[in-house]
Amino acid sequence: MDKNIYELLNEVKVDFTEYENLNLSMTEKEAAKRRIIREVNGMKQNKRTAKKAVKWKMAAGIAAACALALTGIGAANPALAGNMFSSTFGRLIENAKGEKYEEEEIERYTKIGEKSVDVKEEVGKQQDALAYTTTANSSGVTISVSDVYCDGYMLYYTASLKTDHEGLKQADGIVAQFKDGETEKLEIEGMETTGFFSSPFEKAEDGTFVSADSINLMSDFTGGSFVPGEENTIVVNWTMKRLKGSLWDSWDEQGEYTETGDVRGEWHLRFPVTVDTSNNETVAVNKEENGITVIDAVRTKAGLVVHAKLPDFRKEPYNDPYNDPDIAIKDARGNCLQWTGTQSWDEHDDGTTDCYIMVLYDGEKDLTFEVTTKDEDAALIACIPFQAP
């Protein structure tokens, strides 16, 4: 029998312990990431060739500084949510309750969940369905892909994990990434993602573990790249060879999370994802203010991708040594739209940058692209109004 909505929404947990002492906005953390990248590149005196991907779960910790109204239908009407979400999304939504960034998390899981597709449906569309593996078993651990979403700019997928291993069962979360370089591998169409860091599998009330990850298709890949918004079917290969259980509220003498178990094996998942651009719509903006230009905006299934050209803010008249002012996309009420954490920054030799900022989107028409200084005064650099598609 299918679970009711309360069972669906009663199962997972998200970890923000490593951000508890960093009460930063989304733009602040995104800027901090870019700041580190720029300083490293300055030492190397060349262009950025790789960057650390932002975890999807981390995106909640770097939500926009503005207060967001909870508009997701799943949160507003749980009865309807039971018909549109998989159990994995239901668990993620329930687990967000009571967390520091509860509204942002629920909004993100709700909007992406509404537009996601069961991976089994995706496999069923393929003529070579037997070539795919959506569930992998090894060393007493079973990992399954659940839902997929792709709009040509962002790829999301959820997964669940079940285990008989006593150590892993005691964990708050299970990770597949390790500082010693022994990491998982993710390839899309044979191209390996650079800087891929997956989210942990978080423990649910029924003893299973769930996770959700995002991939920016505009990021760097070894051996090729994707054309934004190009509709096709892409194949994802996800391989893990080691899993470690951790307790989020306990640390060892080295300051690392207390380990509950360490399991080696091989979990290889191969699944297709339809790049659904059927509802994508682009509107030209081409508005400039104080050296900042909003070029266009693309409405996707669940978001909005805003393309802007930014000057080198280290120069006059901005004098920002880090070249990273705060950027926000606001609705007519002044609320910031939530960044998804999957942004793209293409910095040129002259210090200017083409940025693609991806936000969750409810269909608001009147928006503004605001840039302010990163200091106590938060002085306005530019406020560019535009209409979304």
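When reading the values below, keep in mind they use all heavy atoms of this one structure, side chains included, and skip hydrogens, waters and symmetry mates.
- Side-chain N/O atoms of Asn216 and Gln343 include no donor and acceptor closer than 3.5 Å.
- In this structure the side chain of Asp252 never reaches within 4.5 angstrom of the side chain of Glu259, judged on heavy atoms.
- For Tyr157 and Trp238, the ring centers sit closer than 6.0 Å to each other.
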**Item:** Chi angles and distances behind the salt bridge (Lys or Arg N to Asp or Glu O under 4.0 Å) call for Arg91, Asp206
**Value:** CA-CA 10 Å; Arg91 295 167 188 171; Asp206 65 356; 3.6 Å; yes

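- Tyr156 pairs with exactly one of Tyr109, Phe89, Tyr149 by the ring-ring contact (aromatic ring centres under 6.0 Å, His included) rule, that one being Tyr149.
- Proximity of Glu187 to Lys185: side-chain heavy atoms (C-beta onward) are separated by under 4.5 Å at one or more points.
- Ring-plane geometry between Trp248 and Tyr257 is classed as perpendicular, the angle between the planes exceeding 60 degrees on a 0 to 90 degree scale with a lower cut at 30.
- Panel note: side chain Asp377, backbone Ala379; no donor-acceptor pair is recorded below 3.5 Å.
- Using a 4.5 Å heavy-atom cutoff, the side chains of Asp324 and Lys374 are in contact.
- Open room surrounds NZ on Lys120; 12 or fewer heavy atoms of other groups in view lie less than 6.0 Å from it.
- Of the possible polar contacts, one joining the Asp331 side chain to the Arg333 backbone as a donor-acceptor pair under 3.5 Å is found.
- For Asp312, the salt bridge (Lys or Arg N to Asp or Glu O under 4.0 Å) criterion is met by Arg314, not counting sequence neighbours.
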